[in-house]
Amino acid sequence: MSFVNKFSLEGKIALVTGASYGIGFAIASAYAEAGATICFNDINQGLVNKGLAAYEEKGIKAHGYVCDVTDEEQVQALVAKIEAEVGVIDILVNNAGIIKRIPMIEMSAADFRKVVDVDLNAPFIVSKAVLPSMIKKGHGKIINICSMMSELGRETVSAYAAAKGGLKMLTRNICSEYGQYNIQCNGIGPGYIETPQTAPLRELQPDGSRHPFDQFICAKTPANRWLKTEELQGPAVFLASDASDAVNGHILYVDGGILAYIGKQPS
Ligand code: NAP
Ligand code: GCO
């Protein structure tokens, strides 16, 4: 059997959280193309409908559910429903996330907690819900969507950086605790990706010039551009497939080289 077959997701069931659009949608679409059955959730019915229509347009039959990933009861019910209607989840992608860009001394504790709740507590809650069946099955893949902010700080994103840094360590801990059951937990650290989440950082200025943050990010990226959601598909399929069974506790940064680069030298 060729090693290429190890990249196939044929027969696998994947749950991608918050996957109606953006990065989650691109990853789930790639999983479908690689042969997996796709389940996704989002926070309200409107988003789930939007997601279902978008998958259908690509010829993908996806199972969509409304579920708030910060609510443990809703998550337990979601996983039980998927197991009953579709089957045991082989691949979980903790993708749902939020960001609030507020200078730290102006940020309320409630806003800080909200970000940590969605970006860190929820991956704990969803992973906890899928792990027992993965342990029973003797195999499973958990992929946490981390960030540049798992490694770097910047103005206004204290809660997001704290949560995504924590998510990196949750990834390593799930690997440490459940690797013995043939479960691999890895992270993907996307660089700056063109999605609605980053749209405010790319908005044109009133005079038609580029947003200063847009120019800043391109200068910080050796690739000299924003990345596209599709560029996360190959790495996400790899980490979900048998081809990566010996890769565990790793964060794969897909960042166009940002973390390797000291920055442009002054001319
Ligand atoms: P996004 O706007 O962060 O999309 C995430 C999805 O999750 C949205 O549909 C969102 O719904 C949903 N969601 C939010 N809270 C939820 C909850 N409590 N329960 C269930 N679903 C919830 O878009 P994205 O840019 O594609 O980001 C996806 C992930 O990648 C996030 O974890 C983000 O932090 C991470 N990331 C993004 C970038 C980037 O450059 N875009 C880079 C690195 C990492 P709403 O639309 O209602 O918010
Ligand atoms: C920001 C951005 C980021 C990115 C991403 C980087 O305000 O700096 O929104 O944090 O979305 O997570 O990897």
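Just so it is clear, the structure is predicted and the values come from calculations on it, not from any experiment. For ligands, and for the atoms within them, numbers begin at 1 and follow the listed sequence.
Between I193 and ligand 1, at least one N/O pair is under 3.5 Å apart. Close N/O approach between T70 and ligand 1 is not found [any backbone or side-chain N/O within under 3.5 Å]. Polar contact with ligand 2: absent for C146 (N/O pair, distance under 3.5 Å). Considering backbone and side-chain atoms together, I98 places no N or O closer than 3.5 Å to any N or O of ligand 1. For a threshold of 3.5 Å applied to N or O pairs, the pair formed by M148 and ligand 2 contains at least one separation below that value. Backbone and side-chain nitrogen or oxygen atoms of K164 are examined, and one is located within less than 3.5 angstrom of a nitrogen or oxygen of ligand 1.
The closest protein non-hydrogen atom to atom 23 (O) of ligand 1 is Q197 CB, 3.9 Å. Closest to atom 28 (C) of ligand 1, if we only count protein heavy atoms, is N95 OD1, 3.2 Å. Protein heavy atom closest to atom 5 (C) of ligand 2, with residue, atom name and distance, is S147 OG, 3.6 Å. Atom 2 (C) of ligand 2 has its closest protein heavy atom at Y192 CE2, 3.5 Å. Nearest to atom 10 (O) of ligand 2 among the protein's heavy atoms is Y160 CE2, 3.1 Å. Closest to atom 22 (C) of ligand 1 among all protein heavy atoms lies A96 CB, 3.8 Å. In terms of protein heavy-atom proximity, atom 38 (C) of ligand 1 is nearest to I23 CD1, 3.7 Å. The protein heavy atom nearest to atom 11 (O) of ligand 2 is Q197 OE1, 2.6 Å. In this structure, the protein non-hydrogen atom closest to atom 9 (O) of ligand 2 is R101 NH2, 2.6 Å.
The heavy atom nearest to atom 3 (O) of ligand 1, out of those in P190, S147, A199, G97, is found in G97. Counting only non-hydrogen atoms, the option in L47, N41, V69 that gets closest to atom 19 (N) of ligand 1 is V69. Nearest residue to atom 12 (C) of ligand 1 from I43, D42, I27 is D42 (criterion: closest heavy atom). When the options F40, Y192, Y160 are ranked by their closest heavy atom to atom 36 (N) of ligand 1, first place goes to Y160. When T17, N94, D68 are ranked by how near their heavy atoms come to atom 18 (N) of ligand 1, first place goes to D68.
In the model, E151 has a side-chain atom that pairs as donor or acceptor with a side-chain atom of Y253 under 3.5 Å. With hydrogens and angles left out, the side-chain atoms of T17 and N95 include no donor and acceptor closer than 3.5 Å. Between the side chains of N182 and H139, a donor-acceptor pair is found at a separation under 3.5 Å. For the residue pair Q184 / S244, no side-chain donor-acceptor distance below 3.5 Å is found, with atom types taken as modelled. Counted by atom type alone, T37 and K61 present zero donor-acceptor pairs between their side chains at under 3.5 Å. Side-chain contact check for R225 and T221: no donor-acceptor pair (N or O, by modelled atom type) lies under 3.5 Å.
Contacts with ligand 1 closer than 4.0 Å are made by backbone heavy atoms (N, CA, C, O) of C67 only, the side chain lying farther away. The proximity of A122 to ligand 1, defined as any non-hydrogen pair under 4.0 Å, does not occur for either the backbone or the side chain. In I99, the part holding a heavy atom less than 4.0 Å from any atom of ligand 2 is the side chain. The part of T195 lying near ligand 1 is the side chain, judged by heavy-atom distances below 4.0 Å. Looking at T198 against ligand 2, only its side chain comes within 4.0 Å, counting heavy atoms. The residue S20 has no part lying near ligand 1, judged by heavy-atom distances below 4.0 Å.
For Y21, the closest heavy-atom approach to ligand 1 falls below 4.0 Å. Contact annotation: C146 has at least one heavy atom less than 4.0 Å from an atom of ligand 1. Heavy-atom separations between G191 and ligand 1 include at least one value shorter than 4.0 Å. Judged by the shortest distance from any of its heavy atoms, L201 lies inside the 4.0 Å radius around the atoms of ligand 2.
Counting non-hydrogen atoms of other residues, nucleotides and ligands closer than 6.0 Å to CZ of R113 gives a total of 12 or fewer. For E155, the CD atom is loosely surrounded, since the number of other residues' heavy atoms within 6.0 Å does not exceed 12. In K128, the NZ atom is not crowded: 12 or fewer heavy atoms of neighbouring residues, nucleotides or ligands sit closer than 6.0 Å.
Ligand 1 places these atoms under 4.0 Å from at least one heavy atom of G22: 26 (O). Distances below 4.0 Å separate heavy atoms of V118 from the following atoms of ligand 1: 15 (N). The ligand atoms of ligand 1 that sit less than 4.0 angstrom from a heavy atom of T198 are 39 (C), 40 (O), 41 (N). For ligand 1 and I145, the ligand atoms under 4.0 Å from any heavy atom of the residue are 29 (C), 30 (O), 35 (C).
The cluster map of Ile, Leu, Val, Met, Phe, Trp and Tyr, joined by side-chain heavy atoms under 4.5 Å apart, puts I193 and V16 in the same cluster. Each of Y21 and W226 belongs to its own hydrophobic cluster when Ile, Leu, Val, Met, Phe, Trp and Tyr are linked at side-chain heavy-atom distances under 4.5 angstrom. When the side chains of ILVMFWY residues are joined at heavy-atom separations under 4.5 Å, either directly or via intervening members, F124 and I135 end up in a single hydrophobic cluster.
The aromatic rings of Y65 and H63 sit parallel, their planes meeting at an angle under 30°, below the 60° perpendicular limit. Using a 30° and 60° split on the angle between ring planes, Y55 and F40 fall in the tilted class, from 30° to 60°.
Residues N173 and M169 fail the side-chain proximity criterion, which asks for heavy atoms closer than 4.5 Å.
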Item checked: T198 and R202: CA distance, side-chain angles, deciding distance, side chain to side chain donor-acceptor pair (under 3.5 Å) verdict -> CA-CA 7 Å; T198 54; R202 282 177 282 109; 2.9 Å; yes

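Proximity of the aromatic rings of F213 and Y192 is defined here by a centroid distance below 6.0 angstrom, and this criterion is met.
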